[in-house]
Amino acid sequence: MNNFVIRVPSIVSLSSLIVVDLSEINLTNVFPNDSQDLTLNFPILREYETNNCTSFNIKGVTFEVPLLEVLLIKPSTSLDISYDALTIIKFCSSRLTKFSYRDHIPDTILFNSDLSTTHIASATIDPHKFEKEDTPFLS
């Protein structure tokens, strides 16, 4: 499915989901006037991967994924985005072993975990730079 829009409520809980692999998905809030924060509770999720995914009308996404081991975020191809539309993405996990972030869009990614128990064996961070004149904090 290319550029498929998924509308979700503010809180989503999928207790049997083990792997998420999304490609070209546009995530948006079911009720645009409601809270612009989204909480995704996936208690047994082990692997989360996105490729060319975006979000609209969502300021913050919290992933409650205590068993998450692999997190891969691949490029978004759309560079037509305003900076007030960026999303803060928070992952609550202490088992992460592989992390890869390669994206054009400078969303903020946070980790809420006990870093003394997190053993990231592989990490790749490759943010592409914007070439816009009106973005002084990026070069």
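All residue numbers in this chain count up from 1 along the given sequence.
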Checklist entry - Is Val70 isolated, or which residues cluster with it under the ILVMFWY side-chain rule of less than 4.5 Å, directly or via members? => result Leu72
Checklist entry - Can you find a heavy atom in the side chain of Asn41 that is under 4.5 Å from one in the side chain of Leu14? => result no
Checklist entry - Hey, which of Leu96, Leu71, Leu40, Thr62 is the one that makes side chain to side chain contact (heavy atoms under 4.5 Å, CB included) with Phe91? => result Leu71
Item to check | Min side-chain heavy-atom separation Thr28-Val5 under 4.5 Å | outcome: yes
Item to check | Residue pair Leu27, Val8: steps toward the side-chain contact (heavy atoms from CB on, under 4.5 Å) verdict | outcome: CA-CA 7 Å; Leu27 191 65; Val8 295; 3.9 Å; yes
Next on the checklist: Walk me through whether Ile89 and Phe63 qualify under side-chain contact (heavy atoms from CB on, under 4.5 Å).
Outcome noted: CA-CA 8 Å; Ile89 305 168; Phe63 286 86; 3.7 Å; yes
Next on the checklist: Once rounded to the nearest 0.5 Å, what's the spacing between atom CG of Asn51 and atom CG of Leu22?
Outcome noted: 10.0 Å
Item to check | Gap separating the CD atom of Glu69 from the CG atom of Leu45, nearest 0.5 angstrom | outcome: 10.0 Å
Checklist entry - Ion pair present between Glu49 and Lys74, side-chain N to carboxylate O less than 4.0 angstrom? => result yes
Item to check | Set of side chain to side chain contact (heavy atoms under 4.5 Å, CB included) partners for Pro66, sequence neighbours left out | outcome: none
Checklist entry - Apart from Ile11 itself, what residues make up its hydrophobic cluster, given side-chain heavy atom links below 4.5 Å? => result none
Checklist entry - In Å and rounded to the nearest 0.5 Å, what is the CZ to CD1 distance from Phe42 to Ile18? => result 13.0 Å
Next on the checklist: Ignoring hydrogens, what is the shortest heavy-atom contact between Pro9 and Leu38? Give both atom names and the distance.
Outcome noted: O-CD1, 2.9 Å
Item to check | All side chain to side chain contact (heavy atoms under 4.5 Å, CB included) counterparts of Leu67, not counting sequence neighbours | outcome: Ile44, Arg46, Arg95
Checklist entry - Glu47: what forms a salt bridge (charged side-chain N to carboxylate O under 4.0 Å, His left out) with it, not counting sequence neighbours? => result none
Item to check | Rounded distance [0.5 Å steps], CG in Asn52 versus OG1 in Thr50 | outcome: 9.0 Å
